[in-house]
Engineer: 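Provided herewith is a single structure, encoded as structure tokens, for subsequent inquiry.
As the structure is a computational prediction, the values presented were derived from the model and not from experiment.
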Amino acid sequence: MNAKVLIVEDTKTITNLLQVYLMGWGLEFFDAPNGVQGLTKARELKPDLIISDVQMPEMDGFALCAAVRADPQLHDTPFMMLTSLKDDASRQKGKLVGASAFLNKPVSVDDLRSKVRDILKLPATRY
């Protein structure tokens, strides 16, 4: 069975880029444009990984991560945050709400692939 990855990101271009970067493993992708819809989809899909932007309308990535951690059915879902915020306070806040990993934007393909591979315990792939 393919791992399900939910991408919560308000910029469609970035969503598409992430899917392209990760397509070598045959993952199943789902996406949502903001945290509110992301949380609804997460509850429906029970994804194996959530990759979320931090700065989004309606519910930001920190609030989404906190909501996922507070949900008994989603509590253990790995949660990766993408952010253009470079400060330590944002990283601390991400850790506090329970983010499993943090990646800075623009996302490095290698960083993204290695983090996702580690989290989902995927085999090394050749691109």
Side-chain angles (χ1 to χ4, degrees):
M1 203 193 85
N2 295 348
K4 290 187 281 197
V5 177
L6 175 61
I7 299 172
V8 186
E9 164 64 68
D10 57 337
T11 310
K12 195 69 183 145
T13 320
I14 294 175
T15 301
N16 294 342
L17 254 183
L18 294 172
Q19 291 181 2
V20 168
Y21 289 168
L22 297 173
M23 56 194 217
W25 286 295
L27 302 168
E28 217 179 326
F29 294 105
F30 301 90
D31 60 271
N34 60 53
V36 172
Q37 290 180 39
L39 186 58
T40 302
K41 279 206 171 166
R43 287 181 170 142
E44 279 168 27
L45 299 164
K46 313 276 184 294
D48 299 290
L49 170 64
I50 297 170
I51 300 176
S52 175
D53 187 13
V54 168
Q55 294 166 296
M56 293 180 293
E58 292 187 58
M59 178 192 270
D60 70 9
F62 295 126
L64 174 59
C65 187
V68 164
R69 292 290 171 254
D71 185 309
Q73 295 198 302
L74 298 171
H75 182 267
D76 296 327
T77 308
F79 196 104
M80 186 184 292
M81 285 190 173
L82 304 180
T83 183
S84 43
L85 304 169
K86 303 276 192 265
D87 58 301
D88 275 349
S90 298
R91 283 183 178 273
Q92 289 307 321
K93 190 171 178 184
K95 284 200 177 88
L96 267 173
V97 294
S100 323
F102 238 97
L103 287 177
N104 286 327
K105 285 180 173 178
V107 174
S108 139
V109 185
D110 294 338
D111 284 355
L112 176 71
R113 285 182 182 152
S114 80
K115 287 239 176 14
V116 169
R117 189 174 55 232
D118 291 349
I119 288 171
L120 295 176
K121 297 175 179 45
L122 298 165
T125 56
R126 287 187 296 282
Y127 284 89

Engineer: Can a donor-acceptor pair be found, under 3.5 Å and without considering hydrogens, that links the side chain of K93 to the backbone of F62?
Structural biologist: no
Engineer: So which heavy atom on K4 is nearest to which on K46, and how close?
Structural biologist: CE-O, 3.9 Å
Engineer: Looking only at non-hydrogen atoms, find the nearest pair between M81 and C65 and report the distance.
Structural biologist: CE-CB, 3.6 Å
Engineer: Before giving the answer on side-chain contact (heavy atoms from CB on, under 4.5 Å), spell out for L22 and F29 the whole-Å C-alpha distance, their side-chain angles and the decisive distance to 0.1 Å.
Structural biologist: CA-CA 10 Å; L22 297 173; F29 294 105; 3.7 Å; yes
Engineer: For a side-chain contact (heavy atoms from CB on, under 4.5 Å) check, start with the C-alpha distance between T77 and L6, then their side-chain angles and the critical distance, and finish with the verdict.
Structural biologist: CA-CA 11 Å; T77 308; L6 175 61; over 6 Å; no
Engineer: side-chain contact (heavy atoms from CB on, under 4.5 Å) between V116 and I51: does it pass, once the steps are laid out?
Structural biologist: CA-CA 9 Å; V116 169; I51 300 176; 4.3 Å; yes
Engineer: Rounded at 0.5 Å granularity, tell me how far CG in L96 sits from CZ in R69.
Structural biologist: 13.0 Å
Engineer: Do you know the tightest heavy-atom contact between S100 and P78?
Structural biologist: OG-CA, 3.4 Å
Engineer: Looking at side-chain heavy atoms only, is the closest gap between D31 and Q19 below 4.5 Å?
Structural biologist: yes
Engineer: With side chains defined as the heavy atoms from C-beta onward, is the minimum distance between D53 and K105 less than 4.5 Å?
Structural biologist: yes
Engineer: Measuring only between side-chain heavy atoms, which start at C-beta, is R43 closer than 4.5 Å to L74?
Structural biologist: yes
Engineer: Is there a side-chain contact between V5 and L18 (heavy atoms, below 4.5 Å)?
Structural biologist: no
Engineer: I want to check something: taking the side chain as every heavy atom from C-beta on, are F79 and L64 in contact at a cut-off of under 4.5 Å?
Structural biologist: yes
Engineer: Just so I know, are the side chains of N34 and D10 near enough to count as touching, which here means a heavy-atom distance under 4.5 Å?
Structural biologist: no
Engineer: Where do G35 and M56 come nearest, in terms of heavy atoms and distance?
Structural biologist: N-CE, 3.8 Å
Engineer: Determine the minimum heavy-atom distance between A63 and D60, stating which atoms define it.
Structural biologist: N-OD1, 2.8 Å
Engineer: Looking at every heavy atom in both G61 and S52, which two are closest together, and how far apart are they?
Structural biologist: CA-OG, 3.8 Å
Engineer: Quick check against the 3.5 Å criterion: does T11 have a side-chain atom that pairs as donor or acceptor with the backbone of I14?
Structural biologist: no
Engineer: Using the rule side-chain contact (heavy atoms from CB on, under 4.5 Å), only one of I119, L27, L120 pairs with D48; which is it?
Structural biologist: L120
Engineer: Is any side-chain heavy atom of K41 closer than 4.5 Å to one of I7?
Structural biologist: no
Engineer: Distance from D110 atom CG to Y21 atom OH, nearest 0.5 Å?
Structural biologist: 10.0 Å
Engineer: So do the side chains of M80 and L112 get within less than 4.5 Å of each other, counting heavy atoms only?
Structural biologist: yes
Engineer: Calculate, to the nearest 0.5 Å, the distance between atoms CG and OG1 belonging to N104 and T83 respectively.
Structural biologist: 7.0 Å
